[in-house]
Number of protein chains: 2
Amino acid sequence: MAVTLREVAQRAGVSRSAVSRTFTPGASVSARTRAKVEEAAAELGYSPNALASSLTTGRTKLIGLVSNNFHNPIFLEVFDLFTRTLQERGLKPLLVNLTDETEAANSVRMLRAYSVDGVIVASSTLPPNFAVAFREAGIPVVHSFGRRSDAPDVHVIGIDNVECGRMAARTLAERGYRTVGFLGGPEEATSTQDRLAGFVEECARIGLNCTHSFADAYSFAAGRAEMLRLVAESPAEAYFCGDDVLSIGALSAIREAGLRVPDNIGLIGLNDMEMAGWENISLTTIKQPLSEIIGASVDRVVQMLDAPALPPRCDIFRCEIVERGTLRAPS
Amino acid sequence: MAVTLREVAQRAGVSRSAVSRTFTPGASVSARTRAKVEEAAAELGYSPNALASSLTTGRTKLIGLVSNNFHNPIFLEVFDLFTRTLQERGLKPLLVNLTDETEAANSVRMLRAYSVDGVIVASSTLPPNFAVAFREAGIPVVHSFGRRSDAPDVHVIGIDNVECGRMAARTLAERGYRTVGFLGGPEEATSTQDRLAGFVEECARIGLNCTHSFADAYSFAAGRAEMLRLVAESPAEAYFCGDDVLSIGALSAIREAGLRVPDNIGLIGLNDMEMAGWENISLTTIKQPLSEIIGASVDRVVQMLDAPALPPRCDIFRCEIVERGTLRAPS
DNA sequence: GACGCCGGTGCAACCGGTTGCACTGTGCGA
DNA sequence: TCGCACAGTGCAACCGGTTGCACCGGCGTC
């Protein structure tokens, strides 16, 4: 079915090497030979088999894109950016959905079987040992949206979640809120822990009254359920939600309880996903610079193709407040 | 770096064939040999190279998952289901983002270079010739969410968009709406054309007054912009929107104009994406049976692995109304 | 005119597997 | 006891490419 090197060589009247070199950038072929080969290839509809060549070159240009987050709408933006950025660099994303997989070893085995050149783990909720498993298997790996660390085990590209927590607390203080709450995502996620830690720390420093609780997941339903519980008791004046989708759930709960945002309760999210800007939501939030993070992640994995032993580093991008309609104006 | 067959064979004291057969289900190996091989493999951390074996078997278990739709939140659900369904069957999705690609030939070349066993084109807005290009290149292909046809050029799995249009019209009529409108997605998309055709046809049959217009894209912003325009003139009593995300944009526009849904204007969407069920949206919509469509798409592509010449067929799944809060009760 | 250099080419080995075929040894029935 | 079937094994060729090396011819230089 598929046309091979050999057939092209025969038709062009040259050796297989000549054909191979014609399709290898930088190889030495005369203009005459190249012309003959290209003509024959065009007639036959030949295109080189990338997998066969990977056998000798050791490069597949396949990158494992691993995530467990297929329910948070921001991940559609994440996948869009990753696939485009990878494609621009001639790399191909092999998508791995970890939703019902807890065992890192299985993913490692699968991605090794496919000789991926590298792996990008895109998740803020996966435990760090997941990425480490790839490194131990000798596969270049970067953990996007991973936990900040001064001496990381693997390359990490992301944000400083502790600092985001502080930033949220400062912002709420500026708006004159005195009793505030943190409505976090899953308690075991490092991102939740860090955001909480920064928030609590800064509240203490500034002198805000601060409570906290957790939703089961980074999801609308979980955010809504938790906020329904909170408003039924004695809610804080404002909440820092662990994530935008959680915020939107919370927003829904607050309005359903007959309260108004930001008049009765203020809300600040994190991520700045597209939906946060929708006019019927208009969420004030902390913007995570997605495309920078993703661009840097791909850059890093590309670097590692040539320097697999590159010492792990953690690159952190600054976040900023995006002002919309869910916090009252500075007092 | 990677452990090979040969090393395992040496360590186990057997031939390379024996090792190969140990890892080939159904091959004939004695228990004794198998044990030796498995021990050696475990010690060395061997896992077979799927790409190398694909050279002789002709199977990579790679499936190209091609889409141009990375902005409609329903596609996160689509990708989630596709990746999980493929993984369950031992297949690996190679994700291709067509967002800035208009030339089918490029995608064909790329996916041929990677010897994918098959391709799934997941899009309701891509022209049909896109999927046809894969078939012509000899790659098994199914077009998910493609256009219904009695004699399709490629395998199509999806819904009957014309019938959805009729269903929307009938539903609006039942609720006593007399002047209705179709707010479609991009005019050139076949899904838009078909939904419109069915809607207009049924309106005429029933005797509803019917107008229509189009948004630039299946997006919140486009739906909102178009509905803002409509409410500024003399809006219909109810609208059938080409898609849920468009409906949510329209909903936002209607409320911003100071009108109420469903009291002043009724709205029905299409898809039933997760967000449509969020309590702060609560969109009445036509449910597209996503997981059935995706399950059937994967089944079909799997069938074609063994029967590439399977005559193209079109499988259509029934849609149903999901009643929520954006249409008034039956009169 | 002899020499050396060098771009261009083909041969053959190799990448990591699979598989048809021939051969061996074992167990069973006659 | 012999013959036979058959499971188990290894050899070697092959899948579709790449690449080190040897070789060839043409050119510029002395």
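So you know, we letter chains A, B, ... as the sequences are listed, proteins then strands, and number each from 1.
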Using a heavy-atom cut-off of under 4.0 Å over every strand shown, decide if A:T4 touches base, sugar-phosphate, or nothing.
sugar-phosphate
Ignoring hydrogens and angles, are the base of C:dG17 and the side chain of B:R16 linked by a donor-acceptor pair under 3.5 Å?
yes
Send over the distance from A:K36 NZ to C:dG8 C1', rounded to a whole Å.
12 Å
Working note: A:R148 + A:D194, criterion salt bridge (Lys or Arg N to Asp or Glu O under 4.0 Å); need CA distance, chi angles, decisive distance, verdict.
CA-CA 9 Å; A:R148 182 194 199 298; A:D194 290 351; over 6 Å; no
Whole Å only: how far is the CZ atom of A:F23 from the P atom of D:dT18?
10 Å
Side chains of B:P128 and B:R147 in contact at under 4.5 Å (non-hydrogen atoms):
no
Calculate the interatomic distance between B:R112 atom CZ and D:dG16 atom P; express it in whole Å.
13 Å
With sugar-phosphate meaning primed atoms plus P, OP1 and OP2, does B:Y46 contact a base, only sugar-phosphate, or nothing at under 4.0 Å between heavy atoms?
sugar-phosphate
Is the centre of the A:F75 ring less than 6.0 Å from the centre of the B:F79 ring?
no
Looking at A:S20, I'd like to know whether one of its side-chain N or O atoms comes within less than 4.0 Å of OP1 or OP2 on D:dT18.
yes
Both A:V19 and A:R6 contact DNA chain D. Which one's nearest nucleotide lies toward the 5' end?
A:R6
Return no unless some side-chain N or O of A:T56 is found under 4.0 Å from OP1 or OP2 of D:dG17.
no
Would the distance check show the side chain of A:R59 and the main-chain N or O of A:L305 forming a donor-acceptor pair, the cut-off being under 3.5 Å?
yes
Whole-Å gap separating P (C:dT18) and CG (B:L51)
12 Å
Looking for any heavy atom pair under 4.0 Å, which part of the strands does A:V14 touch: base, sugar-phosphate only, or nothing?
sugar-phosphate
So, does the side chain of B:S17 form a donor-acceptor pair with the base of C:dT19 at under 3.5 Å?
yes
So, B:Q87 and A:N97: side-chain donor and acceptor under 3.5 Å apart, yes or no?
no
Take atom CG of A:L44 and atom C1' of D:dG16, then tell me their distance rounded to the nearest Å.
15 Å
Does B:S15 make a side-chain N or O approach to OP1 or OP2 of D:dG10 shorter than 4.0 Å?
yes
Looking at every strand, decide which applies to A:S30 at a 4.0 Å heavy-atom threshold: base, sugar-phosphate, or nothing.
sugar-phosphate
Output the rounded distance in Å from CG (B:L55) to P (D:dG16).
7 Å
I need the CG-P distance between A:N49 and C:dG16, as an integer number of Å.
16 Å
Rounded to the nearest Å, what distance is computed from the CZ atom of residue B:R21 to the P atom of nucleotide C:dT18?
10 Å
